[in-house]
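Have a look at the structure below before the remarks.
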Amino acid sequence: MNNPPGQLIVLSGPSGVGKTTLAHHLIDKFKSTVFSVSTTTRPLRGSEIEGVDYFFVRREEFLEMIEKGYFLEHAEVHGHLYGTSRDWVSKELTRGASVVLDIDVQGALQIKEAFPSSILIFILTPSPDVLSSRLSSRNTDDSDVVKFRLEMAAWEISWIGSFDYYICNNRLEDSLLQVESIFRGTRLKMVNTSFPLEIIAFTPERFTGLEHWHGKRVIVTSGSTREPMDRIRFISNRSSGLMGSSMAMAFRDAGSDVLFVTGPACISGPPGVNTIPVETAKEMFDILVSEAPKADLLVMAAAVSDFKPSAFYDGKTERSGTVRLELEATPDILKELERTIECMCPVMAFSLEFGPDGEKRALGKMKRKGASAIFYNPGDMEGAGMETSSNQGILFFDDGSHVEVKRSSKRYIAELLTAAMGRYLMKGNEG
Ligand code: 5GP
């Protein structure tokens, strides 16, 4: 298997709370972590070293770098620009290192949007007085700057609810232990990590087939699509994109080259996969027309919106009286692909169904769409379908066989489905 990609750990909070000390503690303690050296337009302070503390550039250079898309995130903090290198972070994550960022709150929020699985930790002092005396004792800034930084702190603290963890940096020894525990914990989280090899060893028959995916090219679609009625409103559905991103992670960890085509529910995609964000069913279809012929498998986990407004208004529909909205069906992506592409790759479809005939409908869909397999998840069962982190159901194959999947996390199920699909295709190749 490939090296599982690393984690993004973001330490944030007001200036002077001790973020840098905690960040460097993680780097010293864990071999697999690296520190992201930011670029800034702030002048170099006394003992700072170029390339170690920051890369110092002129404002015009920074603005040019923004233009060229150099930054994964950037923000203006206390009158200076700061930014994190996109390429460097993505290279480190792909080789399996965890990247520790010491950045401000605006940057942390941008990172969370781009990498939903990143871990945001907010660091705070026990009181404003402690913060004030820490800032004054740093002796790096004059008293006006200290006053301004304290005012900024109140604004930054107002964002604390968007963070995953919070550390009150009172006694340093305690805070060091806390940040270590958070890091250790994230490495054991099912949703982020590659699947534990120990479990594969215990239940080998359920996981044989993963090896089939090494070096294969797999497309995974995910999330809902949005079908606009005007410039700000759209028709969509409740899909979170979690099943799709879990599938992408499972194929990635099995060694596949994964292309993740995702609707706006999950815009960034997991680290280590190539992500193409799309908005509408039509955009998703257009990408698949050009990509599917080159793939070894298309995993259609996306919950494409089945309907779209018949007309688009290029503005904002006024709120008055009654607005009639006429809907029409969006293209059935798989059926259209079958028609359009001469040499279509095998397809694994997903089917969320309600009611007693759900299973029959799912089997009918598999046939109609020309899929090799379909994962039927009964939407009326507890803990299955959309807006939940678990799932359950039956994976049907077009040779009449099936695999039952008990209720468990989407990440675990993704691993089982990936293995089962691999076994099925390996069997086909032998026969
Ligand atoms: P200082 O100038 O005191 O080193 O940092 C000022 C603030 O900028 C701190 O809150 C620090 O965490 C933040 N910062 C440093 N590098 C970056 C970066 O790359 N991006 C963002 N958004 N903030 C940063």
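Just follow the structure's listing: the first ligand is 1, and inside any ligand the first atom is 1. This structure is a prediction, so every number in the text was calculated from the model and none was measured. Values below: every heavy atom of this structure, side chains too, minus hydrogens, waters and symmetry copies.
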Selection residues 321-331 - residue pairs positive for salt bridge (Lys or Arg N to Asp or Glu O under 4.0 Å), sequence neighbours left out: Lys308-Glu328
Neighbour count >12 (heavy atoms, 6.0 Å) for atom OH, Tyr54: yes
Proximal ligand 1 atoms for Ala75, defined as those under 4.0 Å from one of its heavy atoms: 22 (N)
Trace of the salt bridge (charged side-chain N to carboxylate O under 4.0 Å, His left out) decision for Asp230 with Lys316: CA-CA 6 Å; Asp230 65 17; Lys316 183 184 168 201; over 6 Å; no
Option of least heavy-atom distance to atom 23 (N) of ligand 1 (set: Asp53, Val105, Asp104, Ile123): Asp104
Option from Leu120, Asp102, Asp164, Ile121 for which side-chain contact (heavy atoms from CB on, under 4.5 Å) with Val10 holds: Leu120
Contact list for residues 280-289, test side-chain hydrogen bond (donor to acceptor under 3.5 Å, both in side chains), sequence neighbours left out: Lys282-Asp286
Subset of ligand 1 atoms that lie under 4.0 Å from at least one heavy atom of Gly107: 22 (N)
Under 3.5 Å side-chain donor-acceptor pair for Thr330 and Ser305: no
Any side-chain donor near an acceptor of the partner, Ser390 and Gln392, under 3.5 Å: no
Ligand 1 contacted by Gln106 (non-hydrogen, < 4.0 Å): no
Numbering as shown, the atoms of ligand 1 that approach Ser38 to under 4.0 Å (heavy-atom distance): 16 (N), 17 (C), 18 (C), 19 (O)
Numbered atoms of ligand 1 (with element) below 4.0 Å of Gly83, judged on heavy atoms: 18 (C), 19 (O), 20 (N)
Minimum-distance protein heavy atom relative to atom 7 (C) of ligand 1: Val77 CG1, 3.7 Å
Which residue and heavy atom of the protein sit nearest atom 20 (N) of ligand 1, plus the separation: Glu73 OE2, 2.7 Å
Any Arg45 heavy atom less than 4.0 Å to ligand 1: yes
Residue and atom name of the nearest protein heavy atom (relative to atom 12 (O) of ligand 1), distance in Å to one decimal: Asp102 OD1, 2.8 Å
Leu8, Ile27, Thr33 screened by side-chain contact (heavy atoms from CB on, under 4.5 Å) with Ser98, the one that passes: Thr33
Numbered atoms and elements of ligand 1 in range of Arg42, under 4.0 angstrom, heavy atoms: 1 (P), 2 (O), 4 (O)
Identity and distance of the protein heavy atom lying nearest atom 11 (C) of ligand 1: Lys19 NZ, 3.7 Å
Residue-ligand contact Arg149/ligand 1, heavy atom below 4.0 Å: yes
From the candidates Phe71, Tyr54, Tyr82, Phe55, the one that places a heavy atom nearest atom 24 (C) of ligand 1: Tyr82
